[in-house]
Amino acid sequence: MADGGGPVIELTGIGKVYILGKLKVRALEEIDLTIEVGEMLAIMGPSGSGKSTLMNVIGCLDQATKGRYLLRGIDVSRLNDNRLAEVRNREIGFVFQSFNLLPRITAVENVELPLIYGGAMGSRRSRAARALEAVGLGQRIHHKPNELSGGERQRVAIARALVNDPAIILADEPTGNLDSRSGAEVMKIFRRLNEEDGITVVFVTHDPDTASCTRRLVRLRDGRLTSDEPVPEEERLQAWRAIETTGVLHQVVTDGTAR
Amino acid sequence: MVLLDSIRMALAALLGNKLRSALTMLGIIIGVGAVIALIGLGEGVQGLVTDQLQSIGSNLLYITPGSLSDMGTGGGSGGRASLTMSDVEALNNPFNAPHVGAVSPDINTFAEVSFGGNSKRVAVNGVWPNYPAVRNVTVAYGAFISQQDVSARSTVCVLGPNIARDLFGDEVPLGNRVRIGGVPYTVVGVLEGKGGSAFADVDSYVYVPLSTAQMRLLPLRGRSGELGVSTIYVQATTEAEIDLAIEEVKTVLRYQHRIGIGEDDDFTVINQADITAIFGNITGVLTTFLGAIAGISLIVGGIGIMNIMLVSVTERTREIGIRKAVGAKRSDIMTQFLVEAVFLSVVGGLAGIVLGWTVAVQAGNLIEGVTPKVTPETVLLATGVSAAVGVFFGIYPARRAASLNPIEALRYE
Ligand SMILES: Nc1ncnc2c1ncn2[C@@H]1O[C@H](COP(=O)(O)OP(=O)(O)O)[C@@H](O)[C@H]1O
Ligand SMILES: [Mg+2]
């Protein structure tokens with residue numbers, strides 16, 4: 001896909017209507033949202049406000065019923081099924097609240113999946129292993145999901161999202177099912193990906209402290225964008241300090257036991 | 001994605017559910033097994049029969065009383081015979097029938113044959129001395145019925161090897177007297193075995209002079225009181241002239257029997273080709289029948305696979321969603337499920353071949369003379385058909401899996 005200098009994601013007048021029999025559910029209405037390369041932003045909103053729908057549209061898992069979505073300058077509505085699959089495979093890494101790992105296969109095999117579908121040959125296994133090392137799971141690559149903790153599972157899912165070097169990471173409530181320590185781990189990984197690798201990170205959260213880790217916070221209500229504001233620097237630093245502390249505690253605990 | 005990955009994924013999925021996979025294969029295993037066993041046995045039987053038909057000799061004609069539709073009812077049991085000794089004489093006359101060689105009349109009946117305490121009801125044939133040459137049998141020891149025996153209506157007999165063993169065990173039959181229908185006959189010879197037959201136990205036949213049989217066992221009489229016979233064997237002078245010989249036989253017998261123009265024959269002339277054709281018809285019908293059974297069982301097996309694949313697609317909706325979310329294309333999902341279905345049917349087919357083969361061999365051991373044949377063609381065909389069944393019945397579930405919307409699939413509980 002062409003890498004223009006413009007915004008990586010550009011939504012204009014996006015609407016999404018679900019039709020349930022006679023009932024029409026307007027999950028998204030008139031969404032205008034532009035996200036620049038290398039941004040990290042949080043989406044908040046009450047349950048049912050359309051956050052997941054928006055993430056799915058951005059992630060090309062679902063298509064909007066109205067409006068225009070340019071992904072790196074390309075109109076997604078023009079893409080056919082196969083091209084959408086390629087976009088999901090290469091351009092975007094998606095992280096779910098419920099991990100969505102395949103239960104029967106090991107962590108490294110789960111991480112390998114995007115490589116398989118991307119047609120990568122040869123070094124797949126080692127690339128998958130490296131992605132797991134990058135999220136601190138180098139020792140756990142042959143574990144199956146049910147042999148891992150929630151936080152570890154989510155890190156496997158992040159490794160899977162990363163393995164094809166995507167430009168964007170989308171995460172729908174990635175910390176929603178995690179304890180605060182694991183949540184902090186995930187946030188630290190996101191920050192590293194964003195700051196060191198320049199990956200654009202968009203995530204949904206219910207937790208205001210987690211949301212404050214970003215520079216930009218977008219709020220949804222009833223399918224509409226109600227606010228799009230920068231996070232005050234002071235608030236952001238404080239949020240990170242809280243996360244670092246959780247992280248330090250975690251470090252101490254794991255240093256003392258596992259390693 | 002490459003096919004190898006699809007195969008690996010399919011294998012992992014099937015091995016993750018071994019019992020279900022095995023049960024799903026069962027339909028195909030039984031279907032293909034039945035086909036292989038039946039075809040194997042069928043070919044074995046056909047081989048045996050073909051051998052026996054060929055041993056008849058292709059220049060031999062059977063003349064039996066009655067038309068083909070009431071074949072075998074005309075001369076079996078006493079009373080009026082439509083074939084008589086004067087027919088035999090007429091056929092033996094080279095002026096009447098220049099392309100007819102040897103003529104060998106035969107009386108066929110059943111009688112109680114006994115020696116000491118042993119007794120058995122077997123087929124007894126009244127024959128001429130040229131019978132061994134015409135019917136391709138060989139005397140193992142002793143001699144066959146002689147012209148003198150026929151002229152003198154001697155009470156002598158020749159035994160087939162099985163009846164000889166049944167009556168005498170290890171004793172030497174030659175010179176002993178057996179009772180046939182209560183009358184003592186001296187055993188003058190024992191024949192060599194011809195092997196089990198699909199039609200009759202020829203190795204248990206007992207032979208006596210034709211004239212003796214006509215007097216003592218089956219006193220058939222023709223219209224004008226002359227002696228009758230059950231069957232007349234006729235050899236054409238050469239194999240190439242068999243059609244001429246048939247025409248001559250028909251002309252002679254129609255004249256003999258005073259059959260008017262336009263009236264039907266009251267006898268039937270059969271040659272090896274006719275028998276082969278009749279048998280070919282029977283095997284044709286059988287093959288069609290077996291084919292139908294095979295088809296039905298494979299369809300049933302295929303439906304079993306389709307059913308389980310549909311269940312599997314539903315159960316794995318979430319898995320499909322996950323795969324699509326990380327970049328699986330329709331074709332990837334399609335291939336994965338199709339490979340699973342084909343794998344089930346092909347492995348089932350191969351297991352069925354092994355099963356069918358085993359059954360055929362075991363059954364062949366039980367039936368004397370039948371060697372089941374499982375040819376590479378049959379094996380290839382069974383494998384190919386199984387694979388086709390897998391594709392045919394796998395395509396719908398696979399398509400269904402492939403067309404799932406990723407988000408709906410992920411939301412599926
Ligand atoms: N597949 C669907 N079919 C029908 N309605 C849906 C579907 N997905 C979401 N919705 C509806 O759309 C609205 C937004 O849902 P969602 O995006 O999941 O909200 P959130 O993630 O903010 O909780 C809700 O009212 C929900 O019921
Ligand atoms: Mg949601």
Side-chain angles (χ1 to χ4, degrees), chain A residues 16 18 27 52-57 59-63 80-106 109-122 124 128 144-145 156-157 159-164 166 170 172, chain B residues 1-21 308-309 311-340 343 398-413:
Chain A
K16 174 79 189 178
Y18 290 108
S52 294
T53 308
L54 180 59
M55 293 297 274
N56 294 341
V57 167
C60 294
L61 285 165
D62 209 348
Q63 286 202 293
N80 65 20
D81 225 64
N82 277 352
R83 292 283 293 125
L84 287 173
E86 279 170 21
V87 169
R88 292 196 292 268
N89 186 251
R90 298 207 184 131
E91 312 288 327
I92 297 166
F94 210 107
V95 179
F96 302 87
Q97 177 175 2
S98 52
F99 322 132
N100 279 338
L101 299 174
L102 293 185
R104 286 186 197 282
I105 57 178
T106 62
E109 286 168 335
N110 264 290
V111 175
E112 222 182 326
L113 276 184
L115 296 174
I116 291 175
Y117 291 123
M121 305 294 284
R124 289 192 319 217
K144 292 200 173 158
V156 174
R160 181 180 65 187
L162 284 176
V163 74
N164 256 336
L170 301 175
D172 191 357
Chain B
M1 187 165 80
V2 278
L3 190 63
L4 199 68
D5 291 312
S6 308
I7 292 174
R8 247 179 348 112
M9 284 177 187
L11 256 173
L14 294 175
L15 289 178
N17 230 325
K18 288 193 195 69
L19 181 63
R20 179 195 283 190
S21 304
I308 290 300
M309 289 311 294
V311 170
S312 172
V313 168
T314 309
E315 276 179 359
R316 284 151 71 193
T317 300
R318 223 182 144 78
E319 172 191 329
I320 295 163
I322 293 171
R323 290 182 184 275
K324 286 203 149 190
V326 300
K329 298 185 168 99
R330 269 167 194 265
S331 55
D332 295 329
I333 302 293
M334 180 97 187
T335 313
Q336 185 192 338
F337 280 85
L338 207 52
V339 167
E340 279 184 34
F343 192 87
R399 216 179 260 265
R400 210 149 122 168
S403 64
L404 283 174
N405 170 297
I407 277 304
E408 266 152 40
L410 282 172
R411 284 163 63 100
Y412 185 86
E413 290 304 326

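Each chain gets a letter, A, B and so on, in the order the sequences are listed, and its residues count up from 1.
- With a threshold of 4.5 angstrom between heavy atoms, B:Ile407 approaches chain A through its backbone and through its side chain.
- The contact between A:Arg160 and chain B is made entirely by side chain atoms (from C-beta outward), counting heavy-atom distances below 4.5 Å.
- Chain A forms more heavy-atom pairs under 4.5 Å with one residue of B:Ala12, B:Gly327, B:Gly321 than with any other, namely B:Gly327.
- Heavy-atom minimum distance, A:Ala85 versus B:Ala328: CB-O, 3.8 Å.
- Inter-residue side-chain proximity for B:Lys329 and A:Asp81 is flagged as unmet; no heavy-atom pair is nearer than 4.5 Å.
- Between the CZ atom of A:Arg104 and the CG atom of B:Asn17 there is a distance of 5.5 Å, given to the nearest 0.5 Å.
- One distance of note links CD1 of B:Ile333 with OH of A:Tyr117; it measures 4.5 Å at 0.5 Å rounding.
- Of the two parts of A:Leu101, only the backbone, made up of N, CA, C and O, holds a non-hydrogen atom closer than 4.5 Å to a non-hydrogen atom of chain B.
- Ranking A:Asn89, A:Asn164, A:Asn56, A:Asn100 against chain B, the residue ahead of the rest is A:Asn100, based on heavy-atom pairs under 4.5 Å.
- Scanning both residues, B:Pro406 and A:Leu61, for their nearest heavy atoms gives CG-O, 3.5 Å.
- Contacts of B:Arg8 with chain A are made by side-chain atoms alone, with heavy-atom separations under 4.5 Å and no backbone atom involved.
- Here the straight-line distance linking atom CG of A:Asn80 with atom CZ of B:Arg330 works out to 9.5 Å at 0.5 Å rounding.
- With a 4.5 angstrom heavy-atom cutoff, B:Arg323 touches chain A via backbone and side-chain atoms both.
- With A:Leu102 as the fixed residue, the side-chain contact (heavy atoms from CB on, under 4.5 Å) test singles out one of B:Glu319, B:Arg318, B:Arg316: B:Glu319.
- Atom CG in A:Asn110 sits 7.5 Å away from atom CD1 in B:Ile322 (nearest 0.5 Å).
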